[in-house]
Amino acid sequence: MTATKKTNITSIVLLVVTVLSALVLFVPALLLSMVSDSCNSGCNMVVFTLGFYIAVIGPGLITITGTVFTIIKMVKKQDAVSTALIGLGGTYGAFMLGLAITFITASIK
């Protein structure tokens, strides 16, 4: 499917939203380190650290990957809106996965 001017504009707007979302999610991801204060002696810190790093690094990596693939599709004059949407969803998905792992690990007794 060939890209029209409207789909290119939509893809660019989605890319901007994705980059801004990754920047905004970075601060709460760093604040997840304070969740370790609620860990008791039975808290698995290896899994907690894994969840923390997924929440901090994951959205940035997925944003970069989604941006690269979206730009490649736009250069090839293909419809890139779906690729940009997957990148945006993946950014929030990585943050939520890290958040879930962190909070579940901290709440297990």
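What you see is a predicted model; the values in this text were computed from it and never measured.
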Between [atom1] of [X] and [atom2] of [Y], what distance do you get to the nearest 0.5 Å?
X: T70; Y: L15; atom1: OG1; atom2: CG; value: 5.0 Å
X: I54; Y: L97; atom1: CD1; atom2: CG; value: 5.0 Å
X: S33; Y: F52; atom1: OG; atom2: CZ; value: 5.0 Å
X: K77; Y: T7; atom1: NZ; atom2: OG1; value: 11.0 Å
X: T10; Y: D79; atom1: OG1; atom2: CG; value: 9.0 Å
X: I104; Y: L99; atom1: CD1; atom2: CG; value: 9.5 Å

Transitively linked via ILVMFWY side-chain contacts under 4.5 Å: [X] with [Y]?
X: L32; Y: Y92; answer: yes
X: V17; Y: V81; answer: yes
X: I86; Y: L25; answer: no
X: M96; Y: V35; answer: yes
X: F48; Y: L30; answer: yes

Practice problem: For residues T105 and I101, report the shortest heavy-atom separation together with the two atoms involved. | Solution: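 Minimum heavy-atom separation between T105 and I101: OG1-O, 2.6 Å.
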
Quiz item: What's the shortest heavy-atom distance between S11 and A80, and which atoms?
Solution: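 Taking S11 first and A80 second, the nearest heavy atoms are OG-C, 3.4 Å.
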
Quiz item: Which side-chain hydrogen bond (donor to acceptor under 3.5 Å, both in side chains) pairs, counting each pair once, include a residue from residues 45-60, with sequence neighbours left out?
Solution: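 As it turns out, there is no side-chain hydrogen bond (donor to acceptor under 3.5 Å, both in side chains) pair with a partner in residues 45-60 once direct neighbours are skipped.
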
In residues 56-63, what donor-acceptor pairs under 3.5 Å come from side-chain atoms, sequence neighbours left out?
| unit_1 | atom_1 | unit_2 | atom_2 | d |
| --- | --- | --- | --- | --- |
| T63 | OG1 | P59 | O | 2.7 |
| T63 | OG1 | T91 | OG1 | 3.1 |

Quiz prompt | T65 vs V68, side chain to side chain contact (heavy atoms under 4.5 Å, CB included): CA-CA, chis, key distance, verdict | solution = CA-CA 5 Å; T65 306; V68 167; 5.9 Å; no

Quiz item: With side chains defined as the heavy atoms from C-beta onward, is the minimum distance between F95 and P28 less than 4.5 Å?
Solution: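 With C-beta onward as the side chain, the pair touches.
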
Exercise. Give the C-alpha distance, both sets of side-chain angles, the deciding distance and a yes or no for side chain to side chain contact (heavy atoms under 4.5 Å, CB included) between I108 and C43.
Key: CA-CA 7 Å; I108 293 176; C43 188; over 6 Å; no

Practice problem: Show your reasoning for whether side chain to side chain contact (heavy atoms under 4.5 Å, CB included) applies to M74 and I12. | Solution: CA-CA 9 Å; M74 288 174 66; I12 292 169; 3.6 Å; yes

